[in-house]
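Notes for the one structure printed next.
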Amino acid sequence: MSVRFIHTADWQIGMKAAGLGNAAATVREARIHSIERILRLADDQGVDFLLITGDLFEDNAVDRLLIRKVGDLLGRFSRPVYIIPGNHDPLVPGSVWEHPVWAEASNITIARSADPIELDRCVLYPCPLKEKYSTQDPTAWIDAHQTEKIAIGLAHGNVEGLPEAEPDYPIPRDAARRRGLDFLAVGHWHSHVPYPDPDGSVRLAYSGTHETSKFGERDSGNVLVVEIPGRGATPVIECVPTGALRWVSSRHAVNEEGSLEDVLREVRTIENPEAVLLRLSLSGLLFTSDRPRLSSLREIVGTRFLFGAVEDEGLIPAPDDDAWIETLPGGPLREAAVRMREQAVSGSDEQARTVAARALIELFDLKEQSGT
Amino acid sequence: MIVKRIGVTNWRGFLDPMEMGPFSERLNVIHAPNGTGKSSLFEAMRRALFDVHHVGGAEIEEIRPWGRKLSPSVFVEFSEGGNTYRVEKTFMDGASAKLFQEEEGRFQPIADGRNADTRLREILSADPPGRGLCRQEHWGLGQILWAPQGELALKQISGGVGESLRSALGMEVSGASGSRLEELVEARFLEFFTRGGAPKKGKNAAPVVAWQQKQETLEQELVDLREEHRRYEEASRQVDDARNRREQARREADALRESVAGLRKAAEEYVRLKNEQVRKKEIAEIARERFESIGRTLEEIKATRETIEGLEKSVATLSGENEQAKADVAAAKALLEKTRTAREVARRRRDLITEKQKTIDAARDYHACRDELTKLEQRLERLEEHETELGRVKKERAEMISPDPAKIRELRRRLGERAAARAALAASQVHLTLTPRKDCEIENLTDAGKHTIKGGSPTVFSGDEVVEVLIREFGSVRASGPEGGADAHRAHLEAAETRIKTLSQPFGSDDPDYLQKRREEADALDQRIAALRKQIEMVLDGDERDSMVGRRKELKATIDDFEGQHPNWRSAPPVVGLLQTEFETFSRDVNESVASAEDAFERSQSDHAAAEKRQVELNGMLKAGQGNLETAGKRLKVLVDDGLSDNDRDKKRSEALMAWQAAKAGVEAAESELNSIPGDPARELEKLEKQRQVMEEEVAHSRDQEKSAEGRLQALAARGTYSRLAACEESLAEVADRIRRESLRMEAIRLLYETVRDAKGALLARVTAPVEESASRMLARVAGPRLGRPIFTQDFVPDAINPEISAGPVNLQNLSGGEQEQLHLIARLALADLLAKDQRQLVVLDDVLNATDSGRLRRVLSLLEEISERLQIIILTCHPERYRALEGAEFFALTR
C-alpha cells in the first residue's frame with residue numbers, strides 16, 4: 001500500500017522584501033498565489049495529503065488577514081494537510097497557530113505535540129518547534145523501527161553539514177534511517193537539497209521554498225512530490241517547480257567599447273520580464289560612446305521588469321577615452337575634467353573613484369546640455 | 001574713452017548753464033572750494049553716459065535744483081574707439097536723449113531717445129541696471145578708472161570688466177562657452193549647496209534632505225514597531241510562563257490534596273488513641289485521689305492530735321505572761337504621769353524668758369529716750385541762744401540809720417556839683433586877699449561886715465563884680481571885675497546844697513565816706529542776722545520749736561514711766577549688755593530643762609505604750625490559742641467520726657493504693673500505643689491544608705494571570721506587527737538607497753564644482769601676477785620697498801600686501817590711512833594702465849590723496865605725470881596748490 005504526498009516548506013508568508021521598492025508587495029502576494037498552484041498540483045498528482053514542514057509564516061506577528069487568507073486556501077483544499085510549526089512560526093502563545101481558521105478547517109492538522117499521527121497507510125512523526133532556537137535534535141524522540149506502516153517524519157532544522165555557525169535544531173544526516181523512517185521531510189533551507197543514503201536512495205530531503213525569496217537563492221521555487229511504495233521501499237521523489245517569479249542576478253564586466261551592447265541584448269532576451277526581478281551589476285570601463293547604451297539599459301531594466309536595478313557604480317570612465325574632454329573649453333573646466341578622470345581611475349579608495357566617475361558623468365551631461 | 005567737454009544746466013546747484021573744456025588729453029585739475037559742485041559735475045558725466053534718460057524715482061529727483069521744478073540737462077563730448085561723440089540728455093520733465101558723432105568737424109546726430117541710451121552703452125560696453133539709476137557695478141571700465149569722492153578703495157569688479165582685464169593681459173581663462181558651462185556647473189552646485197558649501201536647508205533644500213527626514217521618520221517608526229514586536233514576543237513568553245506556572249501549581253495542588261487525605265486518616269486515629277489515653281488517665285487520677293485522700297485523713301488525725309497537745313501547753317504559758325504584762329502596764333503608767341508633771345513645770349519657766357526679753361527691750365527704749373531727750377534739750381538750748389542773739393542784732397540793725405547805696409551815689413554826685421558850682425562862683429567873683437603884717441580890723445564895705453585879721457594871715461574877700469574893704473589905718477581898698485555871671489553859679493550852688501541837705505538830713509552828715517561806712521556796718525548786721533537765721537534753721541532741722549518742746553515733754557513722761565516700773569533705774573540706769581547676758585544664760589537653762597523633761601516624758605510614754613501593746617498581744621495570743629484549741633478539738637472529732645478504728649483506716653488505704661497502681665498500668669499501655677504514632681498529625685494536617693489552599697489560590701491566580709496575559713497577547717497579535725515592520729523596513733531600505741544615490745550625486749556635484757573652482761583659482765592666480773608686479777613697482781616708487789607686493793584677488797581687487805619682512809600676507813587694514821590711500825590709488829592706476837593698452841582711457845580722481853604727506857605726494861604726482869602719457873587724468877580737488885607741481889596740467893576753476 002503506497003503513499004503519495006507533496007512535501008513543501010518555508011512558504012515564509014508575510015516576509016519582508018527590502019530593497020525591492022514597489023515590487024515588494026507583488027513579491028509577497030506571489031508567495032500566496034503559488035499556494036494555489038501547489039494545491040492544483042496536488043489535485044493533479046492525486047496525492048494523499050500535503051506536508052508543510054515549518055515556517056509557513058515568516059513570523060508569528062504577521063498580519064492576521066494573511067493567516068486567514070492562507071487558512072482559507074488550505075481549508076478549501078479537498079485533501080488532508082499536516083503542518084508543523086517552524087522556527088519562524090514556533091508553537092508559542094499568541095502564535096499564528098492560535099488563529100481560529102485552523103480549527104475551522106477540518107482537513108488541516110497542526111501538529112502541536114511530538115506524538116505519532118496514525119493514518120490508514122502510514123504513520124506521521126511530526127516534530128513541531130516550540131521556540132525559535134534550540135540545540136536539540138527535534139527528531140530525537142522518534143522511534144519508528146517497530147512500525148509496520150510507512151513511517152514519515154516531519155521536521156524543521158539544520159541537517160548536518162549545512163554552513164550554520166550555531167547548531168540550531170541540528171538533524172543528523174542519517175536521521176531517517178536512525179529513527180526507522182521511510183522518509184524524513186525537512187524544512188528550513190530554502191533550496192531543494194536531497195540527502196541520498198549510501199545506496200543512493202533518498203530518505204531525507206529539503207523541499208526548499210515554494211517561491212524564491214531572494215537574489216542568489218539556488219534551486220528554490222519547487223515542491224517535492226513523494227511516493228513511497230511501501231514500508232522500507234525507496235521513496236520516489238519528483239521536484240516540481242511552483243514559483244512564479246524569477247530572481248535574476250547578473251554581473252557583467254565591460255572593458256571594451258560597445259560591450260554594453262551585449263548586456264543590452266541579453267536583457268532584452270529575458271522572457272516574461274514582468275515576473276522577473278533583475279539585478280544587474282556592471283563593472284569595468286565606461287566609454288563615451290557607451291553612455292547612450294547605459295541610459296537605455298537603465299531605462300529597460302527600470303521599466304520593463306517587475307523589479308530592476310542597475311548597479312553601475314563599478315563603472316569608471318575609460319582612461320584613454322578622453323576625446324570629449326578635449327572638446328571642453330580650455331581652462332579650468334578641462335583642467336578639472338582631467339583631474340577628476342585621474343581620480344576616477346586611480347583614486348585612493350572605491351568611494352573616491354565612484355564619486356569622481358559620477359562627477360565626470362555630471363560634467364558630461366552639463367556639457368551636452370550647454371551645447372558646448 | 002577720454003572726455004573733451006562737459007556742460008550742465010539746472011543740475012543740483014548749477015542753475016545757469018555751465019560748460020567746461022576742452023580738457024587736456026593728459027592731466028587736468030578741476031578745482032573749486034567745497035560745495036561748489038565738483039562732484040556734481042562728475043555725477044552729471046556718469047548720468048549722461050550710463051543712465052537712461054527716462055529714468056524715474058526719488059533718487060533722480062534729487063538732482064533737481066532745490067525748491068525748483070526744473071529739468072536737469074547735461075552734455076558730454078568724448079572720444080572712444082577713434083570717434084568723437086556728444087551726448088545730450090535731459091532728465092525728468094521733458095526727458096530726452098540725443099547722441100551725436102563728429103563728422104568732418106561737426107556733430108551729426110546718430111541716435112535719440114532710448115536708441116541713444118542703448119547705442120551709448122554699446123560704445124562704452126557698460127552693463128545696464130535692471131531698473132532705476134545705474135550704480136558703480138554698471139559703469140563698465142569706470143568701476144576701475146573712476147574713483148568717486150571717499151570711494152578710492154576698489155571693493156569689487158562686476159560684469160565683464162574682469163574679462164576685459166584678462167583680455168588686456170592676453171589671457172583667456174574660460175572664454176564665453178567655458179563661462180556658460182561654468183555657470184551651469186555652479187547652478188547645478190547651488191541646487192544642492194549654498195555658496196559656502198553647506199547643504200541647502202528649508203524649502204530650497206536638496207531632495208536628499210527630504211529623504212533623510214523621511215528616513216528619520218521611518219527609523220523612528222521602525223524603532224517603535226520593533227518595540228511593539230518585542231512586547232508581542234514578551235507577552236507570548238509571559239503567557240507561556242503563566243501557563244507553566246499554572247500547570248506547576250495544579251500539579252503541586254494535586255499532590256497536596258493526596259497528602260492531606262492520607263494525613264487526615266492518621267489524624268483521626270491519633271485523636272482516638274489520645275481520647276483513650278485521656279480516659280485511662282482520668283481513672284488513674286481518681287484512684288490516686290482516693291489513695292491520697294485516705295492518706296491525708298490519717299495524717300490529719302495524727303497531726304490534729306499533736307496540735308491539740310501543743311496548744312494546751314501554749315495557752316498555759318500565755319496566761320502567765322499575760323498577768324505579768326498587766327503589772328508592767330500599771331508601772332509604766334505611773335512613770336508617765338510623773339514625767340508629764342515635770343515637763344509642765346519646765347515649760348512654765350519659758351514665760352520668764354519672755355519677761356526678761358521685755359525688760360531688755362524696755363531698757364533699750366529707756367536709754368533711747370534718754371539719749372533723745374539729751375539731744376533735744378541741747379538743740380533747744382542752742383536755739384535759745386541763737387534766737388537771743390538774733391533779737392539783739394535785729395535791734396541794733398533797727399537802730400542804725402544808713403543810706404542806701406543809691407543815695408550815697410547821688411550825694412557824691414551832688415557834692416561834686418556843689419564844688420563845681422562853688423568853683424564857678426569863685427571864678428566869677430572878685431577876690432581880694434589881704435595879708436596884714438600885724439593884726440588889724442578890716443571892714444568889708446561890700447557886705448558891711450567887719451573882720452579882725454591876724455598879722456601875717458592872708459584873708460580873702462570876695463564879691464560879685466566889686467569888693468571893697470576898709471582897712472583901718474590904711475583906708476579902703478576896692479577891687480572890681482567883670483559884671484554879671486555869678487548869679488547863675490550861685491543858683492546852681494544853692495540847688496546843689498539844697499539837695500545835699502535833703503539827702504544827708506536823715507543821717508546827720510553829708511560826708512559820703514562816713515555814710516558809706518555806716519552803710520557797710522548796716523550790711524554787716526544784715527549778714528549776721530542772715531547767719532543766725534541759718535543756724536536756727538539748722539538747729540530746727542525741719543522741726544517746729546513747739547513740736548520739739550512737745551517732744552521733750554513726751555520723752556520726760558516716757559522716762560518717768562520706765563523709772564516708775566523700774567525704780568532702781570532712776571539711781572542706776574540699766575546696762576543692756578548685762579541684761580542680755582543674763583537673759584541668754586537663763587534662756588539656755590530653761591530650754592535644756594524643758595527638753596530633758598520632754599525626753600523623759602516621751603520615753604515613759606513609749607514604755608507605757610509598749611507595755612500596753614505587749615499586754616494586748618499576749619491577751620490576743622491567749623484568746624487565739626484558746627480558740628485554736630477549741631477548733632482542733634472539733635476537727636479531731638469530725639475526723640474520727642467515721643466509726644473506724646485506726647487499723648481499719650490503714651487497711652482501707654492499702655486497698656486504695658492497689659487500685660491506683662492498676663489504673664496507672666492501663667495509662668502506660670494507652671501511651672505506648674499512642675507513641676507508636678510520631679507526633680500529632682493534626683498540626684501537619686493543618687499546615688498541609690493551608691499549603692493546599694495557598695496552592696489552590698496560586699492555581700487560580702496563575703489562571704487569572706494567564707487570561708490577562710493572553711488578552712494582551714491577543715491584542716498585540718491582532719496588530720500584525722511583523723507585517724508592518726516588514727513594510728517599514730522595505731520603505732527604509734528604499735529610502736536608504738535613494739539617499740545613497742542622492743548623496744553620491746551630491747558628492748559628485750560638489751567634487752565637480754570644487755575641482756573647477758580650484759582649477760580656475762590656480763589659473764586666475766597666474767593672471768593677476770602682471771598686475772601685482774606693476775602695482776608693486778609703483779608702490780615701491782611712492783612708498784619705498786617696505787610695503788612689498790600688493791596681492792589682488794582673482795577679480796583684480798586689492799586684497800592684501802606681502803611685505804618683504806613679513807612671513808605672510810598682511811591685511812590692508814593694518815596699513816596707515818595714508819598708505820592705504822596710496823595703495824588703492826596705485827591699484828587703480830595699475831589696472832587703468834593695463835586697460836589703456838589699446839587706447840587712452842579717462843581716469844577721474846575725485847578728492848583723493850588727502851591723507852598723503854607732501855613727500856609722497858610729490859612722488860605720486862611724478863607717477864601721474866608719467867602715466868598720463870597713456871591716460872587722461874581729471875583730478876577734482878579743493879586744494880589746487882597741491883597739484884601745481886604737475887607739469888603740463890590744465891587747471892580749471894569751477895564757479896557758479
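Naming convention: chains lettered A, B, ... in sequence-line order (proteins, then strands); numbering from 1 in each chain. Values in this document were obtained by computation on a predicted structure and should not be read as measured data.
- Side-chain contact between A:Q343 and B:T755 is absent, with no heavy atoms from C-beta onward closer than 4.5 Å.
- For the residue pair A:A356 and B:L751, the shortest heavy atom distance occurs at CA-CD2, 3.5 Å.
- When heavy atoms are compared at a cutoff of 4.5 Å, B:R738 does not approach chain A at all.
- In this structure, CZ on B:R745 lies 6.0 Å from CZ on A:R358, to the nearest 0.5 angstrom.
- The two residues B:A733 and A:G19 have their closest heavy-atom pair at CB-N, 3.6 Å.
- Interface remark: B:L713 contributes side-chain atoms only to the contact with chain A (heavy atom separation under 4.5 Å).
- For chain B, the nearby part of A:L66 is the side chain; its heavy atoms alone come within less than 4.5 Å.
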What's the verdict on side-chain contact (heavy atoms from CB on, under 4.5 Å) for B:L744 and A:T354, showing C-alpha distance, side-chain angles and the deciding distance?
-> CA-CA 8 Å; B:L744 174 63; A:T354 304; 3.7 Å; yes
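- Within a 6.0 Å sphere centred on CZ of A:R251, other residues, nucleotides and ligands contribute 12 heavy atoms or fewer.
- Considering CG of A:L366 and CG of B:L184, their distance stands at 6.0 Å, rounded to 0.5 Å.
- In this structure, the portion of A:R28 lying under 4.5 Å from any heavy atom of chain B is its side chain and not its backbone.
- If you measure heavy-atom distances from B:E233 to chain A, the contacts under 4.5 Å come from the side chain alone.
- Looking only at heavy-atom pairs under 4.5 Å with chain B, the residue among A:N22, A:N60, A:L20 that has the most is A:N60.
- In this structure, CZ on A:R334 lies 12.0 Å from CG on B:L181, to the nearest 0.5 angstrom.
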Does the pair A:E98 and B:Q714 meet the rule for a side-chain contact (heavy atoms from CB on, under 4.5 Å), with working shown?
-> CA-CA 9 Å; A:E98 291 185 356; B:Q714 291 303 325; 3.2 Å; yes
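- Using a 4.5 Å cut-off between heavy atoms, B:R740 touches chain A through its side chain atoms alone.
- Of the atoms belonging to A:E131, not a single heavy atom falls under 4.5 Å from chain B.
- Note: A:L333 CG to B:R180 CZ = 11.5 Å, rounded to the nearest 0.5 Å.
- Considering all non-hydrogen atoms of both residues, A:G21 and B:E734 come closest at CA-OE1, 3.3 Å.
- Of all the heavy atoms in B:S236 and A:P93, the pair that sits closest is OG-O, 2.6 Å.
- Looking only at heavy-atom pairs under 4.5 Å with chain B, the residue among A:A336, A:A61, A:A359 that has the most is A:A61.
- Ranking A:E335, A:Q351, A:M340 against chain B, the residue ahead of the rest is A:M340, based on heavy-atom pairs under 4.5 Å.
- Contact record, A:A17 with B:E730: N-OE2, 2.5 Å, taken as the closest heavy-atom pair.
- Interface summary for chain A: among B:R724, B:E747, B:R188, the most heavy-atom pairs under 4.5 angstrom belong to B:R188.
- Note that OG of B:S723 and CZ of A:R64 are 9.0 Å apart. Values are rounded to the nearest 0.5 Å.
- Between A:M15 and B:Y722 the shortest heavy-atom distance is CA-CE2, 4.4 Å.
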Passes side-chain contact (heavy atoms from CB on, under 4.5 Å), B:D240 versus A:K130? Steps please.
-> CA-CA 11 Å; B:D240 201 33; A:K130 298 186 177 180; over 6 Å; no
Give the intermediate values and the outcome of side-chain contact (heavy atoms from CB on, under 4.5 Å) for residues A:R339 and B:D758.
-> CA-CA 11 Å; A:R339 287 187 198 175; B:D758 293 347; 3.8 Å; yes
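- Among the candidates B:R243, B:R757, B:E710, B:E228, the residue making the largest number of heavy-atom pairs closer than 4.5 Å to chain A is B:R243.
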